[in-house]
Amino acid sequence: MTLNELAAHVAAEFQKIYARPPRWIVAAPGRVNLIGEHTDYNDGFVLPMAIERYTVIAAGRPAKDTKQIQLRSTCEDQPVTIDPVQPLKPFPKGAWANYPAGVIAGFLARGLNPGRFDALIHSTVPLGGGLSSSAALEVAVATLLEVITGRKLDPVEKALLCQKAEHDYAGMPCGIMDQFISVMGRENHLLLLDCRSRKPELVPMSDPSVTVLVINSNVKHELTGSEYPTRRKQCETAAKILGVPSLRDATADALESVRGKMDEVVFRRACHVISEIERTVHAAEGVRASNWPAVGQLMYASHRSMRDDYEISCREIDAVVEIAESIGIPGGVYGCRMTGGGFGGCAVALAKSDAVAAISQKIAADYKKKTGIEATIFVSRPAAGATVIKA
Ligand code: GLA
């Protein structure tokens with residue numbers, strides 16, 4: 001389904017629920033990160049692309065007299081209502097409405113009040129699959145509020161507002177990658193983002209002979225919530241012992257020289273981050289040169305580092321990567337790794353376009369044999385960031 005078809009579908013659903021057509025329609029994409037995992041909150045580099053999976057919101061002013069914002073999601077039975085007045089209180093922990101609420105709070109804090117509206121939210125980004133369904137939701141809401149208030153934010157400010165919503169309302173101390181790519185994605189480009197300077201650099205990726213494959217393991221181990229902040233703290237501890245502001249400023253040699261002063265686990269966490277930042281920069285060079293075997297090797301190395309040093313993989317994702325590696329370049333796979341926060345979710349593979357169908361079949365069959373689970377596999381070209389479909 002194209003984005004316009006998807007938007008038409010959501011508009012028709014809005015009409016069914018609210019008995020009138022929507023006045024506004026916006027969309028924001030999910031993302032897949034090619035390489036550069038857990039580097040964003042260490043001031044390092046990431047290399048994500050937006051995917052052709054979107055959160056779409058159709059909205060309009062209420063027909064009836066009400067002071068509230070009413071949000072409905074096609075995944076939920078009950079609507080939620082929000083009073084657009086400060087201070088806006090978070091919903092209970094784990095409630096999906098915290099993402100929109102946090103974004104609305106960010107607009108209110110800037111004196112931008114959207115007033116009351118009705119909205120229907122629909123997403124084709126798999127929820128909780130490590131493809132940034134939450135950032136897509138935040139950025140879609142922010143895009144809607146820009147249209148309603150008539151104030152377009154600077155893209156960096158918009159991404160940071162959404163990140164703050166996730167910190168303060170959803171309670172997840174995420175980095176800046178997901179919101180940046182959902183705002184700034186460009187068709188046929190990866191985004192090499194320097195998370196220290198926040199300078200985005202577009203890296204063209206339009207070679208039709210390679211395809212990005214997303215393999216959803218369809219498992220989610222409930223560790224993400226507690227493990228993510230722990231990893232962040234371990235990185236800060238390592239940076240402190242190294243005497244640098246962040247691990248971006250450290251080298252493998254410097255780390256080795258303080259090894260004795262460091263807990264063994266903290267040492268391995270820092271090993272991952274320092275080596276991953278370097279791999280990400282090299283991978284961007286590889287993409288620019290269309291050197292796919294080199295990019296693929298960096299992806300495998302990244303996976304090993306996440307599995308052994310950062311310890312954020314799981315046996316199901318390891319199985320996917322092993323299967324991909326066994327297919328290898330002769331079978332059309334250049335590289336594969338886990339993508340996103342960890343403990344399940346998706347793997348990303350770089351493959352020869354003409355072998356994608358055979359590769360997908362083989363991965364699905366072998367994964368089922370090894371784990372008993374059905375994987376969901378899809379391909380995506382690098383997509384554009386958030387867009388207004390109807391203003
Ligand atoms: C999650 C966070 C990002 C980033 C990744 C790991 O997706 O939201 O900020 O830290 O994990 O690379």
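What you see is a predicted model, and the numbers here were worked out from it, not measured in a lab. Atom set for the values below is all heavy atoms of this structure, side chains included, hydrogens, waters and symmetry mates excluded. First listed ligand is number 1; within each ligand, the first listed atom is number 1.
- The protein heavy-atom contact nearest to atom 10 (O) of ligand 1 is Y228 OH, 2.6 Å.
- An N or O contact shorter than 3.5 Å is missing between S132 and ligand 1 by distance.
- In terms of N/O distances under 3.5 Å, ligand 1 is approached by G175.
- Listed by number with element, the atoms of ligand 1 under 4.0 angstrom from any heavy atom of R31 are 7 (O).
- Using a 4.5 Å heavy-atom cutoff, the side chains of S182 and Y54 are not in contact.
- For ligand 1, one of its N or O atoms has an N or O atom of E37 under 3.5 Å away.
- Atoms of ligand 1 found under 4.0 Å from any heavy atom of Y41 (numbered from 1 in listed order, with element): 10 (O).
- Side chains of H272 and E311: a donor-acceptor N/O pair is absent below 3.5 angstrom, by distance only.
- The pair R248-D194 counts as a salt bridge, with a side-chain nitrogen and a carboxylate oxygen less than 4.0 angstrom apart.
- Protein heavy atom in closest approach to atom 8 (O) of ligand 1: D178 OD2, 2.7 Å.
- Against a heavy-atom cut-off of under 4.0 Å, C174 is close to the following atoms of ligand 1: 2 (C), 8 (O), 9 (O).
- Using a 3.5 Å distance cut-off with no hydrogens or angles, the side chains of S209 and D207 do pair a donor with an acceptor.
- Near G341, the atoms of ligand 1 lying under 4.0 angstrom from a non-hydrogen atom of the residue are 11 (O).
- Ring centroids of Y228 and F343 are separated by 6.0 Å or more, keeping the two rings apart.
- Residues L137 and V147 share a single hydrophobic cluster, defined by chaining ILVMFWY side chains whose heavy atoms lie under 4.5 Å apart.
- No option in R279, E276, R337 other than R279 meets the side-chain hydrogen bond (donor to acceptor under 3.5 Å, both in side chains) test with S305.
- Within ligand 1, the atoms closer than 4.0 Å to a non-hydrogen atom of D40 are 3 (C), 4 (C), 9 (O), 10 (O), numbered from 1 in the order shown.
- A salt bridge links E146 with K158; the closest basic N to acidic carboxylate O contact falls under 4.0 Å.
- Listed by number with element, the atoms of ligand 1 under 4.0 angstrom from any heavy atom of M177 are 4 (C), 5 (C), 12 (O).
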